Amino acid sequence: NLLVSKLLNLPVTDANSLKLIKTQTLRELDLKGELGAIELEVLVGIAKQSIPINLFPVRVQERFAGKSKCSLKLIYATLHTIMELRNSRR
């Protein structure tokens, strides 16, 4: 989250937090939504439109069962998306 905040210059502490967004605003965003990076695309799109981002803390319980979907492929894809989004903001 710190990496996302700094590289994308976004005022967020949790990029995957709960978001309340008007349907019309979402329709106006150019979203590609590949490999779970949709959260980042939404935040960058909203920031580009100069829409204020307000954070609402949400408590999340730690995982008790199941497996994480995190993999090196997902990490690489997310970093690649972050860099693409960063370049698109310039």
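Heavy-atom basis, side chains included; hydrogens, waters and symmetry copies ignored. From a predicted model like this one, the values you see are computed outputs, not experimental measurements.
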Exercise. To the nearest 0.5 Å, what is the distance between CD1 (I46) and CD1 (I21)?
Worked result: 4.0 Å

Exercise. Measuring from M83:CE to T78:OG1, what's the distance to the nearest 0.5 Å?
Worked result: 13.5 Å

Exercise. Of all heavy-atom pairs between L85 and E41, which one has the smallest distance, and what is that distance?
Worked result: CD1-N, 4.0 Å

For this session: For residues A15 and L40, report the shortest heavy-atom separation together with the two atoms involved.
Result: CB-CD2, 3.8 Å

For this session: Kindly compute the distance separating CD1 (I38) from CG (L29), expressed to the nearest 0.5 Å.
Result: 8.5 Å

For this session: Evaluate the side chain to side chain contact (heavy atoms under 4.5 Å, CB included) criterion for residues L20 and N54: first the C-alpha distance (whole Å), next the side-chain angles of each, then the deciding distance (0.1 Å), finally the verdict.
Result: CA-CA 9 Å; L20 303 174; N54 298 310; over 6 Å; no

For this session: With sequence neighbours left out, write down each residue that passes side chain to side chain donor-acceptor pair (under 3.5 Å) with Q49, or none if nothing qualifies.
Result: none

For this session: Drop me the distance from L74's CG to T81's OG1, to the nearest 0.5 angstrom.
Result: 9.5 Å

For this session: Before giving the answer on side chain to side chain contact (heavy atoms under 4.5 Å, CB included), spell out for L43 and E39 the whole-Å C-alpha distance, their side-chain angles and the decisive distance to 0.1 Å.
Result: CA-CA 6 Å; L43 288 171; E39 302 280 350; 5.6 Å; no

Exercise. Under 4.5 Å between side-chain heavy atoms, hopping through other hydrophobics if needed: is there a path connecting Y76 to L8?
Worked result: no

Exercise. Around L72, counting heavy atoms of other residues, nucleotides and ligands shown, do more than 12 lie under 6.0 Å from its CG?
Worked result: no

For this session: Check the pair S5, T13 against side chain to side chain contact (heavy atoms under 4.5 Å, CB included), reporting the backbone distance first and the verdict last.
Result: CA-CA 7 Å; S5 177; T13 54; over 6 Å; no

For this session: Identify whether I75 and L7 are in the same connected component of the hydrophobic contact network (ILVMFWY, side-chain heavy atoms under 4.5 Å).
Result: yes

Seminar exercise, completed: Between the CG atom in L26 and the NZ atom in K19, the distance rounded to the nearest 0.5 Å is 10.5 Å

For this session: Look up atom NZ in K48 and atom CD in E28, then write down how far apart they are to the nearest 0.5 Å.
Result: 14.0 Å

